[in-house]
Structure formats: structure tokens, C-alpha cells
Amino acid sequence: MPSEPLVAEHALEFPGGYTRTTGPVIGRFLTELRDGRLVGVRTADGRVLVPPLEYDPHTGEPVTGEFVPVGPAGTVRTWAWVEQPRPGHPLDRPFAWGLIDLDGADTALVHAVAVDDVKALRPGLRVRPRWRPETDRKGHITDIACFVPEVTTMVSPQRTEYRVRPGASLLRFLEGVRDGVFLAGRCATCDKVYVPYRTVCPSCGSRIEEQVELPDTGTVTTFAINNLPDPRAPEVPFVSAFILLDGADVPMIALMGDVPAHEVRQGMRVRAVWVPPEERTLSMSNIRWFAPTGEPDVTL
Amino acid sequence: MREVAVVAFAQTRHTDHDEGLSEPELIAPVIEEVKRVSGLSRFGFTCSGSCDYLAGAPFSFVSALDAIGAWPPISESHVEMDAAWALYEAWVRLQHGDVDSALVYGFGKSSQTDVREVMTLQLDPYYLAPLGLDQVSYAALQASALGAPEAELREIARRSRADGRANPYALHLPDPTGDDPYQVRPLRSCDVAPPTDGAAAVVLAAGDLATRIAERPAWITGIAHRAEPHYLGMRDLARSASAADAGRAAGVGKGPVDVAELHTQFSHEEIILRDALGLGPDVAVNPSGGPLAANPVMATGLIRVGEAARRIMAGDAARAVGHATSGPCLQQNLVTVMEA
Ligand SMILES: [Zn+2]
């Protein structure tokens with residue numbers, strides 16, 4: 001009889017953490033961090049090491065005792081994107097590791113960079129430290145919770161309220177729509193029929209005296225497929241189309257419906273789909289949309 | 001300089017899982033094999049490489065000595081590094097002139113823990129380790145600094161895995177699909193060496209003893225180790241200055257190289273190392289599949305030396321390079337040049 005493999009779990013741990021002395025160089029850096037400041041140390045040849053080391057990594061010579069304020073802003077030189085953070089990582093949501101050239105430093109600091117999306121990263125991205133609350137800082141590299149991009153854009157909410165009235169000719173048109181009729185106006189000078197109904201000809205400026213009732217059928221002259229949601233549209237994608245009502249000389253813009261977006265085409269014959277008479281108001285929403293009639297296409 | 005050669009090499013058939021073998025049980029077969037091949041049962045010096053953090057137990061290498069027969073007392077040492085550095089120590093020991101043979105071995109059971117996190121423990125304890133910067137993350141920073149095209153990385157992974165499938169000792173991994181998930185962008189799973197359990201052993205011999213043991217010893221004509229600053233932000237991660245220095249000191253460029261076995265735990269490291277060591281497109285890199293096809297940590301670097309030497313001993317190559325690395329982002333590099 002096969003036996004289960006013998007397996008034991010064990011953890012290697014230093015309860016309470018491993019205590020290390022820092023010495024004067026690293027200790028100075030960590031002390032300044034606790035106070036919310038970033039410093040580097042100057043090497044004999046004048047370079048500024050951040051984070052500071054006791055020696056110049058290239059020559060092995062001791063560094064000078066001169067500490068130099070750097071940053072707090074810096075430039076991301078190189079990054080790697082962590083989609084799935086691990087338990088020991090500084091952030092628990094996707095983030096980047098960055099090599100950050102702090103202003104005034106000659107070496108790069110490694111730290112976490114918090115952005116919402118990898119697409120927000122680019123060479124030269126300017127970042128600043130996001131400090132832990134002062135009371136939580138203890139002189140540790142994680143006193144910087146992470147780096148975050150500098151402010152380069154802002155969003156200001158904008159809202160102003162108005163009270164509008166449609167004007168006499170549009171009101172008359174909407175009354176027609178409420179009653180299931182498209183009202184148009186014919187210019188006697190130009191011999192053109194305009195819908196919606198209007199009282200002045202946009203071409204010649206003449207007063208329009210003649211009122212015409214148009215049928216609710218027409219032809220698609222052009223259209224657009226919209227992939228962004230719109231509160232007036234049934235679903236995404238939706239089609240908005242210019243529809244030349246039979247007897248009109250100018251098209252009217254309206255939604256298309258009862259047809260897949262990619263089947264809408266120029267020359268398609270359509271008819272308005274009305275909401276039931278008892279639901280109608282003085283509004284274009286009385287027309288739900290235009291739907292194909294099934295007649296053969298016409299040549300425009 | 002005393003003439004020293006690799007005269008025997010053995011490795012386990014590596015696995016991607018724990019086979020339930022203790023460390024001495026893992027090592028014993030490769031020690032037996034190099035004893036048989038070399039005809040030696042005692043060695044002037046013995047040196048091993050391993051990492052206690054893989055087992056989570058202090059002095060875990062001591063129990064591994066059970067596999068080599070340490071009584072009557074032997075002259076023995078250990079490096080807490082890849083066994084390629086144990087080979088370096090053994091080579092130095094043989095330069096003293098009073099002993100003629102050395103046994104070098106290394107072993108690692110990655111299956112017992114998470115190597116990605118164990119390697120965080122090698123980082124400096126003030127600035128990097130407290131961030132929890134893991135091995136794949138810092139490697140990804142280097143890949144990003146290099147800016148290697150993804151197609152080039154994929155091809156290195158594909159070739160390594162295909163070569164690994166032809167190597168009975170390596171893991172047999174499928175071709176990358178091209179849309180493997182990113183582990184840490186820009187590195188995908190196929191760009192990262194797989195967790196592997198395994199061991200390897202090498203016998204070094206000096207002068208006449210080498211020629212008595214092997215028909216065609218792999219003579220070490222150059223061996224050198226260089227290191228760079230530990231902190232990642234103080235280096236140009238797109239290059240390996242220390243690999244270039246070690247390669248120059250070991251004399252890589254003094255003759256044509258037929259084969260180079262490079263300790264590439266990540267696809268992009270091959271690009272950096274080829275450049276640093278001046279290896280042209282005609283040099284066969286990692287024909288064994290390399291670490292991307294089998295990465296028994298702490299033996300992987302020694303296996304690079306062993307695989308390169310094996311090709312010389314078999315007559316397939318006249319001049320070969322074995323490379324080993326340690327530390328974050330190729331911080332330290334050890335280069336061995338061997339000739340027939
Ligand atoms: Zn007119």
C-alpha cells in the first residue's frame with residue numbers, strides 16, 4: 001500500500017526583526033528620512049550618492065562628510081511593472097519598481113512608483129515621494145510609502161444652470177411631433193422644404209409662410225457608429241443617422257434602431273418608430289428611433 | 001601558474017519538483033559518478049557551494065558532507081554561493097602546489113521554498129531588502145534598462161527550451177506560446193529560469209595527474225572574478241562592466257570561442273553577457289539549454305563550467321567559456337576559459 005509522502009512545514013523567522021546598526025552615513029540618511037527629507041553624500045570627486053554609502057562604489061575611497069539635500073522630486077529612468085504584488089511589496093495593488101534619479105543626485109534610488117496603469121509610465125516621468133504620516137515614520141526606507149507622479153494635469157468640475165424655451169417655430173414643430181406629424185416649412189423664393197419647421201429661410205432670409213406636413217418615412221443619407229455610451233441611445237454601439245424625410249430638402253439627425261449597427265447603410269429606407277400616443281410629450285423623444293422599412297435602397 | 005584541468009563532470013537529472021531526496025541523497029550519485037570517471041576515491045581538497053536559505057536551516061551544507069566520506073579527516077571548505085565559486089577556491093588551492101586533485105560540488109533544492117523571495121535576502125539590508133524587492137522584480141528592472149525587444153527575449157527563451165529538451169539532464173519545457181503572462185513586465189514566465197532541484201560535481205586535477213585521468217582534459221587557461229557596486233541605482237544596468245572585466249582578465253578574447261555556457265537566469269542576461277564577453281553570433285551559447293531550461297540554484301554556475309568542459313573532453317570544442325554569476329542583476333561574474 002503506497003504511503004503518503006512525509007512532509008513538514010517550517011518557517012525561518014527573526015521575531016521582532018533583525019536589529020542592525022547603521023553607522024553615521026546610512027544613519028544620517030535614515031534620520032533625515034524620518035524627518036521627511038532626502039539627502040545624499042558627496043564623494044571625493046564631487047558626485048552625490050543617493051542613497052548614501054560609506055565609500056565610493058567605483059573607487060572604494062571613503063566618502064566626504066558632506067551631506068547634500070536632494071529631490072524630493074526625481075525622474076524615473078527605468079521601471080518594471082508588477083501586475084501581481086507579493087506579500088512583502090510596498091503596495092498591494094499593481095505598481096512599478098523605478099530607478100529614480102532624484103534632482104541633485106548622481107545615482108538612482110530604487111523604490112516603488114504608484115500609478116494606476118502601466119500606460120502612465122514613460123521615460124522621464126517626474127515623481128515625488130509620498131511620505132508616511134510623520135507619526136508612523138521611524139527612519140526606514142519605507143518611510144517613503146512610494147513615489148507618485150508630479151501634478152501635470154487637473155480636472156475642474158463645471159456646472160451652470162439655464163432655463164430655456166424653444167421659440168415659437170420649434171414649439172410648433174414639437175406640437176406636431178406630439179401629434180405624430182413632422183411639420184416643415186417651404187421657402188417660396190428657394191422652393192426648398194425645411195424640417196424641422198422654421199419661419200425664416202436659412203438660405204435667402206425670406207419669411208417662410210407655407211407650412212407642410214411630411215410623412216414619417218425617409219432615407220438614410222449618412223450615418224455614424226458610436227461606441228461611447230449616450231443616455232439617449234438604447235445600447236452601445238448605436239447609430240446616429242441623417243435622414244432625409246420624403247418631401248424634405250434637408251436631412252434631420254436621429255437615432256437608428258431595430259437593426260444591427262453594421263447593417264445600416266446609405267440609401268436605406270426608414271420609418272419613425274413612435275412611442276404610444278398616451279406617453280408623448282412636447283419632445284423629440286416621442287420618436288424612439290428610425291427603423292428600416294424593408295423597401296429596396298434608393299440611390300441618393 | 002600551475003596547469004589545472006577539469007577532468008570529470010557529473011550532474012543529476014534535474015527535476016521541477018521535490019523528489020523526496022535529502023541533500024546527501026541528491027548529491028551521492030554525482031559524487032559516485034565523478035569518482036568512477038576520474039578513478040579517484042580521495043581528493044587533496046574538497047569544496048562545495050550551497051545556500052542555507054534554500055533549506056531554511058543553518059549549516060545545512062554540513063549534513064551534505066555525509067555523501068562524500070569525510071573520515072579519515074579530509075581538507076574541506078564551503079562557499080555560501082554557487083559552486084562555481086567553490087571551483088574557483090579549489091583552483092586557487094591547487095595553485096599552492098601541495099595537492100593535485102580537488103572535488104567540487106554544488107546542490108540546491110528550489111522546491112523547498114520560493115527562490116524569488118530567498119534572493120531578496122541577498123540584497124543590502126538597509127535600502128533594498130526592506131522594500132521586498134524580489135529577484136524577478138530587480139531582473140525586470142535590468143531588462144527594462146536594457147530595452148531589449150520582446151521578440152529577441154522570446155527567441156532566447158524558445159531556443160533555450162528547445163536545447164533543454166535535447167539535454168537529458170535539463171527540464172523538458174514546452175515552446176513559449178508568445179503570450180505567457182508577465183511575471184514582472186517586461187519579463188514573462190518563459191524569460192525566467194524555472195525552479196529546479198539538482199546537484200553537480202566536478203573533479204579538478206593538476207599537471208600529470210590530469211593527463212593520466214582524462215584523454216583530453218579541459219585545461220583552465222584563465223579564470224577571473226569581478227564584482228560591481230551592489231546597489232542597483234549606482235550601476236548602468238544595461239551593461240555588465242564586471243563580466244567584461246572578468247572576461248578580459250580570463251582572456252576570453254585571446255582566441256576563438258566555440259562554446260559559451262552562460263549563467264543566464266533571465267533571457268535578457270544573454271544579450272548583456274554576449275556583449276560584455278565579446279561573443280559574436282558564431283559562438284554557440286548554452287547548447288545545453290542553459291539555466292532557462294534547468295536552474296538547480298547553487299549548482300547552475302558549476303554546471304556551466306562542467307558543460308563547457310564536457311564539450312572539450314568529448315572533442316566537440318577546442319576552446320570554451322564557462323560563466324557564473326551571483327548577486328542582483330549580474331552584480332558578480334566569474335569567467336573560466338578552458339582549452340583542449
Ligand atoms: Zn429661401
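By convention in this document, chain letters (A, B, ...) are assigned in the order of the sequence lines, proteins followed by strands, and residues within each chain are numbered from 1. In what follows, every heavy atom counts, from backbone to side chain, and hydrogens, waters and symmetry copies are set aside.
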Q: For Pro90(A) and Leu131(B), work out which heavy atoms get closest and say how close.
A: CD-O, 3.3 Å
Q: First locate atom CH2 of Trp97(A), then atom CG of Leu232(B), and finally report the distance between them rounded to the nearest 0.5 Å.
A: 10.5 Å
(Q) For Ala227(B), which atoms come within 4.5 Å of any heavy atom of chain A: side chain, backbone, both, or neither? (A) neither
**Q.** Within 6.0 angstrom of Glu54(A) CD, more than 12 heavy atoms from elsewhere
**A.** yes
Q | Minimum heavy-atom distance Met234(B)-Pro51(A), with the two atoms named | A | CE-O, 2.9 Å
Q | Tyr231(B) to Val110(A) - nearest heavy-atom pair and separation | A | OH-N, 2.8 Å
Q: Under 4.5 Å heavy-atom distance to chain B, tell me which part of Phe29(A) shows up: side chain, backbone, both or neither.
A: side chain
Q. What distance separates Glu228(B) CD from His58(A) NE2, expressed to the nearest 0.5 Å?
A. 8.5 Å
(Q) If I measure from the heavy atoms of chain B, does Pro52(A) come under 4.5 Å with its side chain, its backbone, both, or neither? (A) both
(Q) Does any part of the side chain of Leu53(A), heavy atoms only, come nearer than 4.5 Å to the side chain of Tyr127(B), both counted from C-beta? (A) yes
Q: Heavy-atom distances under 4.5 Å only: say whether Val118(A) touches chain B with side chain, backbone, both or neither.
A: side chain
Q) Which answer fits His89(A), side chain, backbone, both or neither, if we ask what part of it has an atom under 4.5 Å from a heavy atom of chain B? A) both
Q | chain A contact via Tyr138(B) - which portion, at a heavy-atom distance below 4.5 Å | A | neither
**Q.** chain A interface, residue from Leu141(B), Leu187(B), Thr120(B) that has the most non-hydrogen pairs under 4.5 Å
**A.** Leu141(B)
Q. Between Ser144(B) and Trp79(A), is there a donor-acceptor pair closer than 3.5 Å when you use the side chain of the first and the backbone of the second?
A. yes
Q | Under 4.5 Å from any heavy atom of chain B - which part of His111(A) | A | both
(Q) Which heavy atom of Val82(A) sits nearest to which heavy atom of Ser137(B), and what is that distance? (A) CG2-OG, 4.0 Å
Q: Name the member of Leu128(B), Asp18(B), Leu133(B) that forms the most heavy-atom pairs with chain A at distances under 4.5 Å.
A: Leu133(B)
Q. Around atom CG of Asp236(B), are there more than 12 heavy atoms of other residues, nucleotides or ligands at under 6.0 Å?
A. yes
(Q) Restricting to non-hydrogen atoms, name the atom on Ile141(A) and the atom on Pro130(B) that form the minimum distance, rounded to 0.1 Å. (A) CG2-CB, 3.7 Å
(Q) I need the residue from Pro229(B), Gly147(B), Ala238(B), Ala57(B) with the largest number of non-hydrogen atom pairs under 4.5 Å to chain A. (A) Pro229(B)
Q.
Around atom CZ of Arg239(B), are there more than 12 heavy atoms from other residues, nucleotides or ligands closer than 6.0 Å?
A. no
Q: Select one option (side chain, backbone, both, neither) describing which atoms of Gln112(B) are under 4.5 Å from chain A's heavy atoms.
A: neither
Q. When rounded to the nearest 0.5 angstrom, what is the spacing between OG1 in Thr113(B) and NE2 in His10(A)?
A. 8.5 Å
**Q.** Approximate separation, where rounding is to 0.5 Å, of Leu121(B) CG and Leu12(A) CG
**A.** 8.0 Å
**Q.** Non-hydrogen side-chain atoms of Leu237(B) and Thr78(A) separated by less than 4.5 Å
**A.** no
